[in-house]
**Q** 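I am attaching a structure below and will ask some questions about it afterwards.
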2 protein chains.
Amino acid sequence: METPSSTRDRLIETARELFRSQGYNATGLKQVLAKAEVNAGSLYYFFKSKEDLLLAVLDRYVELLRPAVLDPAFEQTADPIERVFAVLGVYREYLSKTGCTLGCPIGNLALEVDARLVVRERIALNFNNWCRGIRECLDAAGDRVPPDLDRQALSEFVLTVMEGGVMQARAHRSLEPFDRSVAMLRDYFNRLLAAGPPERSDADRAPPPPG
Amino acid sequence: METPSSTRDRLIETARELFRSQGYNATGLKQVLAKAEVNAGSLYYFFKSKEDLLLAVLDRYVELLRPAVLDPAFEQTADPIERVFAVLGVYREYLSKTGCTLGCPIGNLALEVDARLVVRERIALNFNNWCRGIRECLDAAGDRVPPDLDRQALSEFVLTVMEGGVMQARAHRSLEPFDRSVAMLRDYFNRLLAAGPPERSDADRAPPPPG
DNA sequence: GTCTATATATTGATAGAC
DNA sequence: GTCTATCAATATATAGAC
């Protein structure tokens, strides 16, 4: 067990940023090394290959899901259903802040580095954890969600809409396709869920959801 | 205006296949040349750069939309709404035939070669034409589609579900995430559309969601 | 239009001193 | 753990004969 190395972290963070903005294959290790101010020898001390570095980046995304995606979304509202759409709002922010150039980094990698088994498993893990976060919201919504509704399928559907919406937003360099798709999902939720208001407990005293 | 060159076509088709299965950046021109049995000099006689070849590939996809996607789907059924799902069935076939390794080639490129303006425009054109094909179905459905419903948004939503479903199917190497997302979309359509006579077809392979 | 040969840069990765 | 030097392979692209 090595003591945490700031050099290793710098490599992962730099690679994460470059893979996200340029893609995996379009990013050379030379560029990673220059930006991280690390020598080639050090990189291969920590990672046995470029793919190994990618695996570390994907592990980092697993770690970041809660603090960087779910927590910021969940603190916006206590209503479980609104939380689902707050998660989608996080990705809207990504798009908005970057002029619709950056979307979901996992989605990029999912379509680009399809080949190797280990990598794909790590991508699937990221998707699974993301869906689990959504499913927790659906479970927390209690009887507002029809008991016979497939929560797993619905949480995957939320991911589907996010990824598909992000893709079109980037292709058109416009938030509108994303917003329209999310609005459709919202409409579906409205038709799907019991119209009753959420049960409010004393611990559940958050500002009401917008809209 | 040059007379149609089989060499040029061979380059485009070979690049199309390799870009689709390996990605744009992961495919070297050397590999394209070897597979197409063409010399480098010939490639640069027809195309001024690798990106120029990509543009030709994207133009080819524009040409292929009707004959390779819409027509085969539309000939499966005359019902306009069933045709929408038949289009999704075409992509399910792509996934199924390739063990969930190949999905939508435009989606791959949309997330990978995000950079250059001309390329992005060509990708957006492919998406627009695809959505137009869906919108024609919605229009053909007449008063089964509520008149105040945004058909543009709904056609984009169908693309969203296709791309998001394909992405998860490839990540998990399983048709199930795709099927579940399409089933959700079907359920949404059922709730959305006037309860007309949508004859069920064999195109529906996945079990319908509860509700 | 096709061919060979080549230019230049960068790729991922390694060796071995410190 | 870090450094420099370097490997062999490949990248995209070009020149010029045929």
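Throughout, a chain's letter reflects where its sequence line sits, starting with A, and its residues are numbered from 1.
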**Q** Please report, rounded to the nearest Å, how far the P atom of D:dA11 is from the CD atom of B:Glu51.
**A** 18 Å
**Q** Provide the full list of salt bridge (charged side-chain N to carboxylate O under 4.0 Å, His left out) pairs with a residue in residues 86-96 of chain A, sequence neighbours left out, each pair given once.
**A** A:Arg92-A:Asp179
**Q** Rounded to whole Å, how long is the line connecting atom CG of B:Leu43 with atom P of C:dT6?
**A** 20 Å
**Q** Let me know the distance between CG of B:Asp9 and P of C:dG1, rounded to the nearest Å.
**A** 11 Å
**Q** Show every ring pair (Phe, Tyr, Trp, His ring centres under 6.0 Å) that has at least one partner inside residues 24-43 of chain A, sequence neighbours left out.
**A** A:Phe19-A:Tyr24
**Q** Rounded to the nearest 0.5 Å, what separates atom CG in B:Leu11 from atom CG in B:Leu33?
**A** 6.5 Å
**Q** Where are the stems of DNA chain D, defined as at least 3 consecutive Watson-Crick or wobble G-U pairs with both distances under 3.5 Å?
**A** C:1-7 with D:12-18, C:9-18 with D:1-10
**Q** Return yes if a side-chain donor-acceptor contact under 3.5 Å exists between B:Glu112 and A:Asn108, otherwise no.
**A** no
**Q** How would you list, by chain and number, every residue that makes a side chain to side chain contact (heavy atoms under 4.5 Å, CB included) with A:Phe127, sequence neighbours excluded?
**A** A:Ile106, A:Ala110, A:Ile123, A:Leu159, A:Glu163, B:Met167, B:Gln168, B:Ala171, B:His172
**Q** Using a cut-off of less than 4.0 Å, is there contact between a side-chain N or O of A:Tyr45 and OP1 or OP2 of D:dG1?
**A** yes
**Q** Can you name the salt bridge (Lys or Arg N to Asp or Glu O under 4.0 Å) partners of A:Arg122, sequence neighbours left out?
**A** A:Asp59
**Q** How many Å lie between NZ on B:Lys48 and C1' on C:dG1, as a whole number?
**A** 20 Å
**Q** Please tabulate, for side-chain N and O atoms in residues 35-42 of chain B, each donor-acceptor pair with protein atoms closer than 3.5 Å (sequence neighbours left out).
**A**
unit_1	atom_1	unit_2	atom_2	d
B:Lys35	NZ	B:Glu17	OE2	2.7

**Q** Please state how far atom NZ in B:Lys50 lies from atom P in D:dA11, giving the value in whole angstrom units.
**A** 8 Å
**Q** Kindly write out the residues that satisfy side-chain hydrogen bond (donor to acceptor under 3.5 Å, both in side chains) with A:Arg120, not counting sequence neighbours, or none if the list is empty.
**A** none
**Q** Among the nucleotides D:dT2, D:dT12, C:dC3, which one has an atom lying closest to any side-chain atom of A:Phe46?
**A** D:dT2
**Q** Check whether any side-chain N or O of B:Tyr44 sits under 4.0 Å from OP1 or OP2 of D:dA13, and answer yes or no.
**A** yes
**Q** Enumerate the residues from residues 24-40 of chain A whose closest heavy atom to DNA chain D is under 4.0 Å, giving them by residue number; use none for an empty result.
**A** A:Asn39
**Q** Side-chain N or O of B:Ser49 versus OP1/OP2 of D:dT12: is the shortest distance under 4.0 Å?
**A** no
**Q** Specify the separation, in whole Å, of atom CG of A:Leu54 and atom P of C:dA13.
**A** 12 Å
**Q** Output the single nucleotide from D:dT12, D:dT2, C:dT2 whose closest atom is nearest the side chain of A:Thr7.
**A** D:dT2
**Q** Can you tell me which residue pairs pass the salt bridge (charged side-chain N to carboxylate O under 4.0 Å, His left out) test with a partner in residues 124-135 of chain A, sequence neighbours excluded?
**A** none
**Q** 5'-most contact on DNA chain D: B:Gly41 or A:Gly41, nearest heavy atom basis?
**A** A:Gly41
